[in-house]
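Sequential numbering from 1 along the given sequence is applied to the chain's residues.
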Amino acid sequence: MSFSKDIKEELSKLNTLSNKDNVKFELIGYLISNNANIVKEKIRYSTENEYNINRFNKLLNNLNIDYKIELQGKVYSIIFKKIDLDEIEYLKDKIQINIDNEINIKKDEILLKSLARGSFLGGGSLNNPNNKYHLEILFSTIKNAKFVLELLKEFRIEAKILERKNSTSIYIKEAEEISKVLAFIGANKSVLNFEEIRVMRDTRNNINRLVNCETANLNKTINASVEQIEQIEYLQKIGKFDGLPENLKEIANLRQENPDVSLVELGQMLSTPIGKSGVNHRLKKICEIAKEYRKM
């Protein structure tokens, strides 16, 4: 089962149907999604998700609205006559929020949560958070999308709008905001599951970053060591190594004997230990002397 399906199963079982206004606003959320349209003067809502259709069925029964359900392949469609609601308006083939009643809609937080929940049930999805964070809700019109976008902003949930050729959506890619949306619409169990995956994913990513950093540092050490040894061997080859100061010869011999150790470790191996910068200075001096001889 997908993560989206788990969320919709949880939402479909919420015991929020005793209040008629809650039911009405959740229904409005469904109706303004991209999966609801007008066909021959009737409303048709279609989905492949059985939890969506079961929840929609409960909403209509609660409001005493007659309907019929059709199944074509894997697609469920629930069809019923247009209903008179002040909060929506009917376009040619779509349903849209009636902005004239926006003030009335925004009076009650519980109703807004119901509308947002219906919108997610109607046209929402959430990618498997193990792979990436992406929540999206598809709407039939830009007006519907902007209304829900502003609704979420009222509760400090940040989302963005994406306009496509045949639909408009609001989307969220930040894990913190996705978690807030799930909590807002009442998917509390899904919030816990999402946060558990998020913690595991962030921990895994942090470990990978540390390993990559250590690997990069190791590669850097090895590459520098290879160049240092090449320059040391060149000085030995042309008979100039023995003429180096004792402190340079000591560090050079240690580098040849220990090609994979860090500068800090090399410094601790010296007869008189020195720090990383001192070791780096001596090896850099050896390389500079070798390069000068190469130019001759």
Side-chain angles (χ1 to χ4, degrees), residues 2-3 125-136 156-160 162 171-183 190-296:
S2 71
F3 203 83
S125 64
L126 176 61
N127 282 63
N128 184 341
N130 280 303
N131 301 324
K132 66 176 180 178
Y133 302 131
H134 185 90
L135 182 146
E136 188 167 4
R156 298 182 180 179
I157 300 172
E158 293 299 322
K160 296 180 180 178
L162 176 64
Y171 70 93
I172 302 173
K173 293 182 178 290
E174 290 73 32
E176 183 69 27
E177 302 305 305
I178 290 173
S179 189
K180 285 158 67 175
V181 169
L182 295 180
S190 295
V191 172
L192 295 177
N193 292 338
F194 178 81
E195 287 299 328
E196 182 178 353
I197 293 172
R198 179 186 174 190
V199 168
M200 293 296 295
R201 179 180 168 181
D202 289 349
T203 300
R204 185 170 61 247
N205 288 341
N206 287 335
I207 291 172
N208 288 338
R209 278 194 290 270
L210 287 174
V211 170
N212 291 338
C213 183
E214 289 176 3
T215 301
N217 288 336
L218 180 59
N219 288 338
K220 184 178 179 181
T221 297
I222 292 172
N223 291 336
S225 177
V226 168
E227 181 186 1
Q228 292 157 5
I229 291 171
E230 285 179 355
Q231 302 296 7
I232 292 166
E233 289 176 345
Y234 175 73
L235 290 173
Q236 291 170 335
K237 180 180 178 181
I238 64 174
K240 300 296 182 181
F241 182 79
D242 291 336
L244 294 175
E246 288 301 318
N247 63 341
L248 296 187
K249 286 193 289 185
E250 183 184 13
I251 198 70
N253 288 327
L254 283 172
R255 173 48 88 198
Q256 284 183 299
E257 295 166 4
N258 305 277
D260 58 346
V261 303
S262 68
L263 298 183
V264 173
E265 292 172 305
L266 275 181
Q268 294 301 311
M269 295 176 183
L270 292 168
S271 56
T272 302
I274 61 174
K276 178 180 177 181
S277 60
V279 173
N280 184 57
H281 176 75
R282 292 184 186 185
L283 289 171
K284 188 175 180 182
K285 184 64 177 177
I286 293 170
C287 291
E288 289 173 354
I289 292 171
K291 290 175 181 178
E292 286 300 318
Y293 278 115
R294 288 179 186 275
K295 293 178 181 179
M296 295 181 182

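- Of all the heavy atoms in Ile274 and Val279, the pair that sits closest is CD1-N, 3.6 Å.
- Between Ile232 and the options Leu248, Ile286, Asn253, Leu244, a side chain to side chain contact (heavy atoms under 4.5 Å, CB included) holds for only Ile286.
- Side-chain contact between Ile251 and Lys285 is absent, with no heavy-atom pair separated by less than 4.5 Å.
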Next on the checklist: For a salt bridge (Lys or Arg N to Asp or Glu O under 4.0 Å) check, start with the C-alpha distance between Glu227 and Lys291, then their side-chain angles and the critical distance, and finish with the verdict.
Outcome noted: CA-CA 11 Å; Glu227 181 186 1; Lys291 290 175 181 178; 3.5 Å; yes
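- Residue Gln236 holds its CD atom at 11.0 Å from NZ of Lys249, rounded to the nearest 0.5 Å.
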Checklist entry - Can you list the steps and then say if Arg198 with Ile178 is a side chain to side chain contact (heavy atoms under 4.5 Å, CB included)? => result CA-CA 11 Å; Arg198 179 186 174 190; Ile178 290 173; over 6 Å; no
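- Put simply, the side chain of Ile229 reaches to within 4.5 Å of the side chain of Glu233, judged on heavy atoms.
- Distance check, rounded to the nearest 0.5 Å: CD of Glu174 to CG of Leu135 gives 11.0 Å.
- Listed for the Lys276 side chain is no donor-acceptor partner under 3.5 Å among the backbone atoms of Gly267.
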Checklist entry - Please walk me through it: do Glu292 and Lys295 pass salt bridge (Lys or Arg N to Asp or Glu O under 4.0 Å)? => result CA-CA 5 Å; Glu292 286 300 318; Lys295 293 178 181 179; 3.7 Å; yes
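- Here the shortest heavy-atom pairing between Gln231 and Cys287 reads CG-SG, 3.8 Å.
- In terms of heavy atoms, Glu250 sits closest to Ser271 at OE2-N, 2.8 Å.
- Leu126 has its side chain within reach of Leu182: a pair of non-hydrogen atoms, C-beta onward, lies under 4.5 Å apart.
- When all heavy atoms are compared, the tightest approach of Phe194 to Ala175 is CE2-O, 3.4 Å.
- Between the CD atom of Glu195 and the OG atom of Ser190 there is a distance of 11.5 Å, given to the nearest 0.5 Å.
- Phe3 and Asn128 get closest at one heavy-atom pair: CB-CA, 4.4 Å.
- When all heavy atoms are compared, the tightest approach of Pro259 to Ser225 is O-OG, 2.5 Å.
- Going from atom CG of Asn280 over to atom CD of Gln228 covers 7.5 Å, rounded to the nearest 0.5 Å.
- A 6.0 Å sphere centred on CZ of Arg156 holds no more than 12 heavy atoms belonging to other residues, nucleotides or ligands.
- Within a 6.0 Å sphere centred on CD of Glu196, heavy atoms belonging to other residues, nucleotides or ligands number 12 at most.
- Remark: Gln256 CD to Leu254 CG distance equals 10.0 Å, nearest 0.5 Å.
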Item to check | Working for salt bridge (Lys or Arg N to Asp or Glu O under 4.0 Å), residues Glu158 and Lys180 | outcome: CA-CA 9 Å; Glu158 293 299 322; Lys180 285 158 67 175; over 6 Å; no
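- When side chains are defined from C-beta on, Val261 counts as touching Arg255, because their heavy atoms get closer than 4.5 Å.
- The 12-atom threshold is exceeded at NE2 of His134, counting heavy atoms of other residues, nucleotides or ligands nearer than 6.0 Å.
- Atom CD of Glu177 and atom OH of Tyr171 lie 13.0 Å apart (nearest 0.5 Å).
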